[in-house]
Structures are given as structure tokens and as C-alpha cells.
S.K.: 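Let me give you the structure first, and then I'll get to my questions.
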Number of protein chains: 4
Amino acid sequence: MSEHEGHYGYLKRQDDYLKRLKRIEGQARGLQRMVEEEKYCIDILTQVAAMTSALQSFSMGLLEEHLSHCVVGAARAGDDEARVKIDEAMAAITRLVKS
Amino acid sequence: MSEHEGHYGYLKRQDDYLKRLKRIEGQARGLQRMVEEEKYCIDILTQVAAMTSALQSFSMGLLEEHLSHCVVGAARAGDDEARVKIDEAMAAITRLVKS
Amino acid sequence: MSEHEGHYGYLKRQDDYLKRLKRIEGQARGLQRMVEEEKYCIDILTQVAAMTSALQSFSMGLLEEHLSHCVVGAARAGDDEARVKIDEAMAAITRLVKS
Amino acid sequence: MSEHEGHYGYLKRQDDYLKRLKRIEGQARGLQRMVEEEKYCIDILTQVAAMTSALQSFSMGLLEEHLSHCVVGAARAGDDEARVKIDEAMAAITRLVKS
């Protein structure tokens, strides 16, 4: 059992996350094949948009677990703990919104 | 020589594009390792943002070549050709802006 | 004094938020002037990007206060309260990331 | 008749663009009212997402006209003219994708 279990919410869904990332890795390989086979640029861009969406929904899942576990836990531990976790989460959300 | 050469601008930079996609594939594998090693969610999200940025700059490169070659070529071929290519490009740009 | 005070974190910074929104309203009027004066499309698009960034940083500020107050409060109130607030926050974040 | 007419495609739809921007200005005022009336943060964020979408579709419309007129015109004028317009358009698209 992981020493973090209970801490990091996503561990309960580790397999699901790995499966999604494997699929995203497959999309990256699919894009290489498209470039090698000289596919039409617009079709490649469509695949990039699909891959970006998959990454986004992976990160939304992870963020949701983070809020549900780490942030809720910190909120219960005290104001300072909550402050640190929320600043961290906001920095991550801002990076995702901007990226 | 590709039958499309001259058509698809990105073919001149095929190697550069493949290299970038290989790096993006590596980032997808790096994310799997982070999930397996139970890294902290926020650190994983930082890597997702980096990977999304890499994908975005790949697609901006591809779009630029598409406009420079396919769209410019179509503009010179006639109004109807231009119309088709611009509609297609706008649909792709909208997907990228939304994704 | 508002009946919500203490609840909605952003109320402490209501004036700051109103000032930002006034500025954003001014940007919307500036864009109308640019269209009326037939400014160059690219210059208009630059202003749209600036206005979108201002809106984004307004929403990041609001979200931060929401997490710090409403979500932390809910986390302390109980698991069900936390669940409801986090689902709501995730739906809002997803809309912001997608928009 | 504007001296730019024929150049800037959006002038044909100037009224439509002004109407959209007026609506966006109204959304900015609506947000101020929500903050003044101390509405719930999540409801405000929903309105911000709607306003961001309206801005985005305004900019997609403008970009489409820009490509159809300025970029097509430049493509026909010569390679250097096309280069300048495409670099400019790509910088604008990148700002929109990032914002």
C-alpha cells in the first residue's frame, strides 16, 4: 500500500489514469504516422485538437480528485494548510486556463 | 519525392515536426511514470500544462505552413478555391481556440 | 451589511472587482469605437485578446476567493457539503478552461 | 464610402459587429450588477464564461473576414505581401489561442 494512499485522491483511479495516458501516448504516435504519411495539415490539426481535449479532460479529472482530497483535507487541518493548498491549486488552474 | 510536395508546406520541415511529436510522446510516457510513482497531483498538472503548450506550438507551426502554402496557393487559384481553404482553416482554428 | 458577508469571499474585494469590470466594459466600448473608425482587423484582434485576458484574470480572482471561502467552509461543514461545492467548482473551472 | 472598403472585409458587416460588441458591453454591465447585488460566485463565473465565448466568436468572425480579404488579397499581390500578412495573422491567432 502506498504511503500516500489516502492523501492523493487519484491513486484510487491510478489504473484509469494510466489507461487514459496510454491512449494519449497512442495519439502522439498516431500524429507521427500522419506526418510520415504526409497527411493533409487540416486532418493533423483535427487530431491535435482531439489530443488536447483528451489531455484537458485528464487534467480536469486529476484536479477534481486533488480538490476533493488534498484541498478538503487541508481545509480541515487549518487555515494555513488551506492557504498553501489553494494557492498551489490556483497556480495550476491558471496554467491550465492559459495553456 | 512525395506527390504532395509543394502542396503541403509542412513537408519541408517533416523531420522537425517528427522530432517535436517524439518529444510530446515522451512527455505522455513521463506522465505515466509520474502516475505510477504516485507523484504529487500538482506536479503532474504542471507537466500536463507543459505538454499542452508543446502541442499548441506544434499546431501553430503546422497552421502557419498551411496558411503560407495551401491557403496562399488557393487564393491564387481562384475565389472558390480560396473560400474552401479558408472555411477549412477557420474550422481548424476554432477547434484549437476551443480545445 | 450583506446577509452573505462571511460567506462569499469576494465581497471583501467588491470595489476592486467592480473597478476591473468597469475597465472591461470600457474595453468593450473601445472595441466599438475601433470598428466604427474602421481600424485594422489585426489591431482589433489584439484588443480582443487583451480583453479576454482581463476577463480571465477577473475570473481567476473570483475562483480563488470561492475556493478560499465557500469550498473551505463546505469542507469543514461535512463531506456532503464539500462534494456539492467541489462539483460546482469543477463545472465552473471546466467552462473556463473550455471557453 | 470608406477609403478602406474592399480592403477590410469586416466593413461589410460593421453593423453586425457593432451589435455583438454592444451585447458584450451589456454583459460587462450585467456582471457589475451581479457583483453589486452580491450574487453567488459560481453564477458570476458562468456569466464570465458566456462573455468569453461571445468575445471568442466575435474574434473568429473578424479573423475569418481578415483571411478572406486581407490575406487572400496579399497572396495575390505577391510573396512578400503574403508573408507579412500571414506572420501578422499567426501572431494574432497565437494570442487568441493563448488568451
Side-chain angles (χ1 to χ4, degrees), chain B residues 5-13 16-17 20-21 24 27 45-99, chain D residues 5-13 16-17 20-21 24 27 45-99:
Chain B
E5 206 142 331
H7 241 114
Y8 296 172
Y10 77 83
L11 296 180
K12 285 193 232 145
R13 295 173 48 195
D16 172 44
Y17 284 133
R20 286 181 190 220
L21 289 171
I24 289 167
Q27 287 176 298
L45 289 174
T46 302
Q47 284 314 104
V48 173
M51 190 174 159
T52 306
S53 285
L55 262 175
Q56 223 168 52
S57 86
F58 169 77
S59 61
M60 288 299 107
L62 206 61
L63 181 65
E64 200 260 319
E65 311 251 11
H66 182 65
L67 293 179
S68 305
H69 296 266
C70 310
V71 174
V72 165
R76 290 172 183 169
D79 282 349
D80 293 349
E81 287 85 343
R83 186 72 270 137
V84 170
K85 288 294 171 199
I86 283 167
D87 286 350
E88 222 180 48
M90 280 308 305
I93 295 167
T94 303
R95 273 192 299 272
L96 293 171
V97 168
K98 294 260 169 219
S99 75
Chain D
E5 208 143 329
H7 241 115
Y8 296 172
Y10 76 84
L11 295 181
K12 286 194 231 146
R13 295 175 48 197
D16 173 45
Y17 284 133
R20 286 179 188 221
L21 288 171
I24 289 168
Q27 287 176 298
L45 290 174
T46 303
Q47 284 315 104
V48 172
M51 189 174 159
T52 305
S53 285
L55 262 176
Q56 224 168 52
S57 87
F58 168 78
S59 61
M60 288 299 106
L62 205 62
L63 182 65
E64 200 260 320
E65 312 251 10
H66 181 66
L67 293 179
S68 305
H69 297 266
C70 311
V71 173
V72 164
R76 289 170 185 171
D79 282 349
D80 293 348
E81 287 85 344
R83 187 70 273 136
V84 169
K85 289 294 173 200
I86 283 167
D87 287 349
E88 222 180 47
M90 281 309 305
I93 295 166
T94 304
R95 273 192 298 272
L96 294 170
V97 167
K98 293 261 169 215
S99 75

S.K.: Below 4.5 Å from any heavy atom of chain B, which atoms of Met90(D) appear? Answer side chain, backbone, both or neither.
M.R.: side chain
S.K.: For chain D, which candidate among Val97(B), Val71(B), Leu96(B) shows the most heavy-atom pairs at distances under 4.5 Å?
M.R.: Val97(B)
S.K.: If the cut-off is 3.5 angstrom, what donor-acceptor pairs do you find between chain B and chain D?
M.R.:
unit_1	atom_1	unit_2	atom_2	d
Gln56(B)	OE1	Lys98(D)	NZ	3.1
Glu64(B)	OE2	Arg83(D)	NH2	2.6
Ser68(B)	OG	Arg83(D)	NH1	3.4
Ser68(B)	OG	Arg83(D)	NH2	3.4
Ala75(B)	O	Arg76(D)	NE	2.6
Ala75(B)	O	Arg76(D)	NH2	2.8
Arg76(B)	NE	Ala75(D)	O	2.6
Arg76(B)	NH1	Asp79(D)	OD1	3.0
Arg76(B)	NH2	Ala75(D)	O	2.9
Arg76(B)	NH2	Asp79(D)	OD1	2.8
Asp79(B)	OD1	Arg76(D)	NH1	3.0
Asp79(B)	OD1	Arg76(D)	NH2	2.8
Arg83(B)	NH1	Ser68(D)	OG	3.4
Arg83(B)	NH2	Glu64(D)	OE2	2.6
Arg83(B)	NH2	Ser68(D)	OG	3.4
Lys98(B)	NZ	Gln56(D)	OE1	3.0

S.K.: With heavy-atom distances below 4.5 Å as the criterion, would you say the side chains of Ile86(D) and Val72(B) are in contact?
M.R.: yes
S.K.: Can you tell which of Ala75(B), Ala82(B), Ala89(B) has the highest number of heavy-atom pairs within less than 4.5 Å of chain D?
M.R.: Ala75(B)
